[in-house]
Undergrad: 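Got a structure here, written out as C-alpha cells. Questions coming.
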Amino acid sequence: MKVFNTLSGQKEEFLPPGSRVRMYVCGITPYSDSHIGHAMCYIIFDVIHRYLQFKGYRVKYVQNITDVDDKLIDRAHRLGVSTSELAERFTRDFFEDMDALNINRADVYPRATEEIPQIIKVVKGLIAKGYAYPAGGSVYFRVRNVPDYGKLSHRNLEAMIARGNATFSRDKEHPLDFALWKAAKPDEPWWDSPWGKGRPGWHIECSAMALKYLGDTIDIHGGGKDLIFPHHENEIAQSESFTGLKPFARYWLHNGMLQFNTEKMSKSQGNLITIKEMLARYRADTIRIFVLNSHYRSPLSYSEEALEAAEGGADRLAQAANTVSSGERDDIGVDVEHYRSQFIRAMDDDFNTARGLAVLFDLARDINRLRDQGGNILGGQQLLLELANVLGLTLILPAKPSLNAASFRDIIDAIGTLYSEAKKWQPSANQSYIDYLILKRDQLRQARQWQPSDMIRSKLDEVGITLEDTPQGTIPRYK
RNA sequence: GGCGACGUAGCCAAGAGGAAAGGCGGGGGUCUGCAAAAUCCCUAUUCACCGGUUCGAAUCCGGUCGUCGCCUCCA
C-alpha cells in the first residue's frame, strides 16, 4: 500500500511499525456552520480510516476541536454569548453534520479548553529546552533553534522573511516566531499559567493532544492543504523539539481544497455553502460520490452538474445492490475475487477512490447483467455492499415513498368517477394510498385500460413518485 | 516576488513510457401495452500549445499560454 507523503513529496510504501495505526486529523474551530469544504476533508479521512480498518489495521483516530481562538472570541462578543456557549452549539451541529454524512466517529475529540494542563506542560518543556521564551505575558516559539524548520512546506526562513509577511512585534525575537501561549486581553477567556492569565496559541493544542492521546510518534497526520503552512510546520517544530524524537508523524496526508467558481471556498471569502444546505438537496451517498470521484489531493470544484451526475451514479449503485434475480440460472454468478482485488489495487495506490468507485460501477453492471440472465447475484451484491461501505456508501434506496390524502384525492379526481369506492377508501396499516393506487392501476392494466392506468402513473410522477413495472410487480420509487 | 499544483470528450474525472477507466449527459437498438429501470452499441485517431528525448510520450525534459493554491485566519 502506497501513500503520498507531503514530507517527502512522494508516494511511499505505507509501513507502520505494527498492526496499530495512530492517526490524527486537524478538526474544526466551531464558530459557524460547517461547510462543504469540511465535508470533503472529513469524508476523505473517514474513507482512509475505514480503508485502514478494512486492511486489518487497528486504528486509533484522534481529531481535535479548537474551542477557543480569536475568531471564536470575536464572534461570541458580537452575538453576546460566551465563547463556550458558541463553541458548544457549533460543535453539536458539526457532529450532526458528520452523522448525516455517514462519517464514522473518531475515537477521541479532545477540546483545547479541556487540555490546558497538557498544553502548559508542553510549553514549559519547550522553555526548559530553550525552544521557547516568555515575553510580555505570552510565550513564543524560537524558530531559529530548529534547523530543519520548513521541511514540510519545503520553504526556508530567508525566503519567508524576504516576502515581508512575517509579523514583527516588540516581544518576538524573530519575525517568524509564533505564539505558544497568548496573554489574555480584557474580556477574553483565560486560564492561569506560570506566565500569567492567558490561553493557548493555535498550533500548540495539536502537538499537546497528539502526544497525549497517540504518543511521541504518530503514523498519519492529516488535514487540508491549507494547513501545511504554518500550522503543520509549527506542529512539527513544537513536537519534535519537545520530545527530541523525529519524526513526529511518519506520513503527512493533505487533501486538496474545495473550490467554488474556481476560487477556494473559505470562511474569509464568504463564498461557502454549508453542509446543511447541501444535505437539504442531496443525500449522503450522492455527496460522498461527488467527493470520492476525484482524487483526494486534487482540488474539487463545487458544481450542481457534478452533484447531479453523482446522484445518477448513487441511484445506479443502489439499484444494483437492491435488485432481485429470478435465480433460474443459479449456476452463474459474479467473479467476486476479481472485483475485490481490483478495488484493493485501486485503494492501495494512495487511496484512489475514483478508481475504486469505477470498480463498483463495473460490479454493478455485472450484477444487472446476471440478473437479466436469471443468475445468482447474491454474492455480487454482498461484495458491492461491503466495498461501498469502505467508501461510506449505504446504497440504501431513497426512503419508501408516501402520498398524502390531498394528492390521493387529486389523482382519484383526475381519473374520473370510475371509482366511487375510491373516494370513500381509507388507508390502513398495511395498505397505503400508494399501495391502493398500484392495486387499482394493476386491475386497469389487466383490463388493458391504458389511459386511466397511465394517468395514475403520470400523476404520481408529478409528486415525485415513479412507478416501475417489473416482473416482480410494480415498485414505487422516489425521484 | 518565492514555493507548488493543475490544463484529458458536452460536463465531472481516472490513468503517469507501450492498445484513452468510470460517472453524468446525448444518439440508436433490446425488453415493455407505453413508460421507468436495466442492458447492448455509438459518443476523445487523441490528452492546452510548441519543441526535444525515445523504437514508442497524455505520461519524461525544455519553453509558451491559461487556471488555481500556499507564503495571513482557514479543512
Side-chain angles (χ1 to χ4, degrees), chain A residues 6 9 25-29 31 34-45 63 66 69-71 74 150 153-156 158-167 202 222-231 233 254-259 262-269 272 289-290 292-295 297-301 303-317 319-320 323 342 346 349 352-362 364-365 367-369 371-373 445 448-451 453-454 457-458 461 466-471 474-477 479:
Chain A
T6 306
V25 173
C26 286
I28 54 150
T29 301
Y31 71 93
S34 297
H35 56 74
I36 59 181
H38 296 120
M40 176 185 180
C41 177
Y42 300 118
I43 284 171
I44 284 164
F45 283 102
Q63 191 178 122
T66 307
D69 108 309
D70 292 350
K71 296 216 155 181
D74 207 54
S153 50
H154 304 109
R155 53 186 90 195
N156 56 60
E158 295 70 38
M160 286 187 261
I161 296 162
R163 171 68 171 160
N165 277 326
T167 50
W202 175 35
K225 274 196 158 105
D226 53 351
L227 296 182
I228 294 172
F229 189 89
H231 185 55
E233 196 70 69
H254 291 99
N255 64 278
M257 296 290 98
L258 194 116
Q259 304 192 172
T262 77
E263 277 180 343
K264 187 180 88 169
M265 176 156 73
S266 69
K267 291 179 183 176
S268 54
Q269 307 217 23
L272 45 79
I289 288 175
F290 164 67
L292 300 173
N293 192 39
S294 75
H295 192 91
R297 281 190 283 117
S298 304
L300 176 64
S301 275
S303 81
E304 296 288 325
E305 294 97 314
L307 262 313
E308 296 293 336
E311 183 154 71
D315 287 342
R316 191 173 158 69
L317 292 179
Q319 291 277 8
T323 195
Q342 287 298 109
D349 184 12
N352 194 326
T353 54
R355 234 161 71 205
L357 264 179
V359 174
L360 298 195
F361 282 112
D362 288 341
R365 177 179 297 113
I367 289 168
N368 287 327
R369 212 185 273 147
R371 184 267 326 270
D372 288 349
Q373 295 166 31
R445 291 177 66 222
R448 307 184 71 80
Q449 300 230 28
W450 311 124
Q451 262 150 5
S453 156
D454 290 352
R457 186 172 60 193
S458 69
D461 196 63
T466 305
L467 293 188
E468 289 179 19
D469 296 324
T470 76
T474 301
I475 300 169
R477 292 203 196 285
K479 275 261 183 182

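Just so we're on the same page: letters track the sequence lines, and every chain starts at 1. Keep in mind that the numbers below use all heavy atoms, side chains included, and drop hydrogens, waters and symmetry copies. No experiment lies behind these values; they were computed from the predicted model shown.
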Undergrad: Please state whether the base of G33(B) and the side chain of R445(A) form at least one donor-acceptor pair under 3.5 Å?
TA: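 Yes, the side chain and the base share a sub-3.5 Å donor-acceptor pair.
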
Undergrad: When you measure from the side chain of R316(A), which nucleotide among A13(B), U39(B), G33(B) comes out closest?
TA: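 So the side chain of R316(A) is nearest to U39(B).
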
Undergrad: For R365(A), report the nucleic acid contact type (base, sugar-phosphate, nothing); a contact means any heavy atom under 4.0 Å.
TA: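 Sugar-phosphate contact only.
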
Undergrad: Does the N368(A) side chain pair with the main chain of A364(A), one donor and one acceptor, at a distance under 3.5 Å?
TA: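 Looks like yes, one N/O pair under 3.5 Å.
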
Undergrad: Could you check whether H295(A) gets within reach of a base, just the sugar-phosphate, or nothing at all, counting any heavy atom under 4.0 Å?
TA: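 Since only primed, P, OP1 and OP2 atoms lie under 4.0 Å of H295(A), the category is sugar-phosphate.
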
Undergrad: NA contact type, R371(A), heavy-atom cut-off 4.0 Å: base, sugar-phosphate, or nothing?
TA: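 R371(A): backbone/sugar contact only, no base atoms under 4.0 Å.
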
Undergrad: By the 4.0 Å heavy-atom rule, please label E468(A) as base, sugar-phosphate, or nothing.
TA: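 Base contact.
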
Undergrad: Under 4.0 Å, counting only non-hydrogen atoms across every strand here, what does Y42(A) touch: a base, just sugar-phosphate, or nothing?
TA: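 It contacts sugar-phosphate atoms only.
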
Undergrad: Under the 3.5 Å rule, do the base of C40(B) and the side chain of R369(A) count as making a donor-acceptor pair?
TA: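 No pair found.
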
Undergrad: Applying a 4.0 Å non-hydrogen cut-off, can you work out what D469(A) is touching in the nucleic acid: base, sugar-phosphate, or nothing?
TA: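 Base contact - D469(A) has a heavy atom under 4.0 Å of at least one base atom.
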
Undergrad: Counting the atoms with a prime plus P, OP1 and OP2 as sugar-phosphate, which does N368(A) contact under 4.0 Å by heavy atoms, base, sugar-phosphate, or nothing?
TA: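 Sugar-phosphate contact only.
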
Undergrad: Look at the side chain of T353(A) and the backbone N and O of L292(A), then say whether any donor-acceptor pair between them is shorter than 3.5 Å.
TA: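 Pair found, side chain donor or acceptor close to backbone of L292(A).
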
Undergrad: Answer with base, sugar-phosphate or nothing: what part of the nucleic acid does I289(A) contact at a heavy-atom distance below 4.0 Å?
TA: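 Counting heavy atoms under 4.0 Å across all strands, no contact is made by I289(A).
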
Undergrad: Report which part of the nucleic acid D315(A) touches: base, sugar-phosphate, or nothing (heavy-atom distance under 4.0 Å, all strands).
TA: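 Here D315(A) touches no strand at all.
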
Undergrad: For L357(A), which contact category applies under a 4.0 Å heavy-atom criterion: base, sugar-phosphate, or nothing?
TA: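 If one applies the 4.0 Å heavy-atom cut-off, L357(A) turns out to touch nothing in the nucleic acid.
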
Undergrad: Which is true for G27(A) with a 4.0 Å heavy-atom rule: it touches a base, it touches only sugar-phosphate, or it touches nothing?
TA: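 Touches sugar-phosphate only.
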
Undergrad: Return no unless some side-chain N or O of N293(A) is found under 4.0 Å from OP1 or OP2 of G22(B).
TA: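 N293(A) to G22(B) OP1/OP2: no side-chain N or O under 4.0 Å.
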
